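A quick write-up on the structure given underneath.
Read the numbers this way: they start at 1 and go in the same order the structure lists the ligands and their atoms. Computed from a prediction, not measured in an experiment: that's the story for all the values here.
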Amino acid sequence: MAKAKKVKRQQRILIIYTGGTIGMRQDTKTGALKPVDFATITDQVQELKRLDCIFGFHAFPIAIDSSNVNPDFWEVLARVIEKNYLAYDGFVILHGTDTMAYTASALSFMLEGLTKPIIITGSQLPLGVIRTDAKRNIVTAAEIAVSDIVVPEVCIYFNNQLFRGNRSEKHTSSKFDAFQSLNFPPLAEAGVEIEFNTDDILPPSRKKFKAHHGFNTNVALIKIYPGIHTDVIDTTLRTPGLKGAIIETYGSGNAPTQPEFLRVLKGAVDRGVILLNVSQCSGGSVEQGKYQTSYHLQKIGVISGNDMTTEAAITKLMFLLAQEKSQVTIKKKLLGNLRGELTV
Ligand code: ASP
């Protein structure tokens with residue numbers, strides 16, 4: 001654990017506003033929520049001025065609810081960072097909470113060779129509401145971004161904790177601690193002081209920064225449940241053009257052993273569809289072969305998603321399907337660690 005010291009040089013931070021609850025403000029007359037003008041964010045959040053750094057602002061033309069986020073949006077967001085990467089020391093992205101963990105995972109795969117922090121934050125209550133969590137989330141995210149302890153990763157800062165983005169998931173829509181990361185410790189915790197978990201923060205990359213573009217969305221996500229019809233699985237896996245699917249299994253990667261179920265999965269593998277096994281549990285890891293109920297999956301060629309979140313698994317699959325030509329390479333990279341998304 002380490003505490004931040006005073007920064008010597010004035011840092012430059014780009015605040016990127018995409019939308020979400022954080023950017024809404026209650027109209028005093030109508031009570032309706034409306035997006036705030038983010039050019040004036042330092043007026044809305046006066047505390048930022050005391051951080052003694054230079055802020056740049058970039059607002060998306062239309063503020064969106066993050067339920068409308070898609071890979072095209074990730075492309076645009078990555079391009080904003082790419083364009084401004086040299087001009088700024090860190091980036092704070094204001095984003096809706098609903099798909100924040102997907103965006104964080106997607107960006108982590110797109111942005112290679114990071115030496116600067118990319119911190120995504122949002123809030124459960126809009127800016128301007130008396131008990132809002134927006135102010136403290138923005139202020140602390142910015143403080144972490146200017147810190148002398150650099151976190152050169154795509155992270156989510158929420159309710160006093162900084163998480164690796166591709167390890168995070170939204171686990172509650174009603175409490176302030178909306179995010180958790182059960183398989184990886186927080187990278188920093190903000191109490192009276194901000195304590196950085198320097199042992200677990202990725203080192204600044206020695207590779208040159210590079211933004212990769214492209215996702216292949218010909219994928220599916222199938223959650224196994226008792227009573228699921230194999231027809232449903234088969235139909236999904238026979239979707240024209242399908243290249244890969246995440247199978248969300250029980251516990252440590254277990255699934256039914258009925259011959260029909262396994263036949264349907266094997267048929268897909270034989271047709272060249274990549275199947276990746278992740279657990280429905282937020283904590284713990286897929287261990288194919290530990291139980292007989294996962295041994296069969298291993299045998300028919302389902303790939304273990306290890307301890308990846310579903311958000312990391314689906315974005316990684318879409319990313320690799322677009323970036324790599326060879327199935328062998330895609331499978332190898334799915335099993336390996338690209339950006340700290342799984343425990344090797
Ligand atoms: N629906 C909102 C969004 O994800 C919720 C939020 O920001 O908390 O954009």
Please lay out, stage by stage, how Thr249 and Asn254 fare under the test side-chain hydrogen bond (donor to acceptor under 3.5 Å, both in side chains). CA-CA 6 Å; Thr249 56; Asn254 308 315; over 6 Å; no
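- When heavy-atom distances to ligand 1 are checked against a 4.0 Å cut-off, Ala178 has no atom that comes that close, whether in backbone or side chain.
- Using bins of under 30°, 30° to 60° and over 60° for the plane-to-plane angle, the ring pair Phe209/Tyr85 lands in the parallel bin.
- The nearest protein atom to atom 6 (C) of ligand 1, hydrogens excluded, is given as Thr21 OG1, 3.0 Å; this is a heavy-atom distance.
- Taking distance alone, with nitrogen or oxygen atoms compared against 3.5 Å, Asp98 approaches ligand 1 more closely than that limit.
- Between His95 and ligand 1, no N or O atom pair is found at a separation short of 3.5 Å.
- Using 4.0 Å as the threshold, Ser123 has a heavy atom nearer than that to some atom of ligand 1.
- Any N or O atom pair closer than 3.5 Å counts here, and Asp65 shares at least one such pair with ligand 1.
- Across Thr103, Thr121, Thr18, a single residue satisfies side-chain hydrogen bond (donor to acceptor under 3.5 Å, both in side chains) together with His95, and that is Thr103.
- The pair Lys170-Asp98 meets the salt-bridge criterion, with a side-chain N (NZ, NE, NH1 or NH2) lying under 4.0 Å from an Asp/Glu carboxylate O.
- Ligand 1 places these atoms under 4.0 Å from at least one heavy atom of Gly20: 7 (O), 9 (O).
- Salt bridge status for Asp307 with Arg167: present, with a side-chain N to carboxylate O gap under 4.0 Å.
- By the 3.5 Å distance cut-off applied to N or O atoms, Ser66 is counted among the residues near ligand 1.
- Under a hydrophobic-cluster definition in which Ile, Leu, Val, Met, Phe, Trp and Tyr are linked whenever side-chain heavy atoms come within less than 4.5 Å, directly or via other members, Leu338 and Leu107 are assigned to the same cluster.
- Side chain of Thr132 to main chain of Leu125: a donor-acceptor pair is present (N/O by atom type, distance under 3.5 Å, no hydrogens or angles).
- The shortest contact between atom 8 (O) of ligand 1 and any protein heavy atom is with Thr97 OG1, 2.5 Å.
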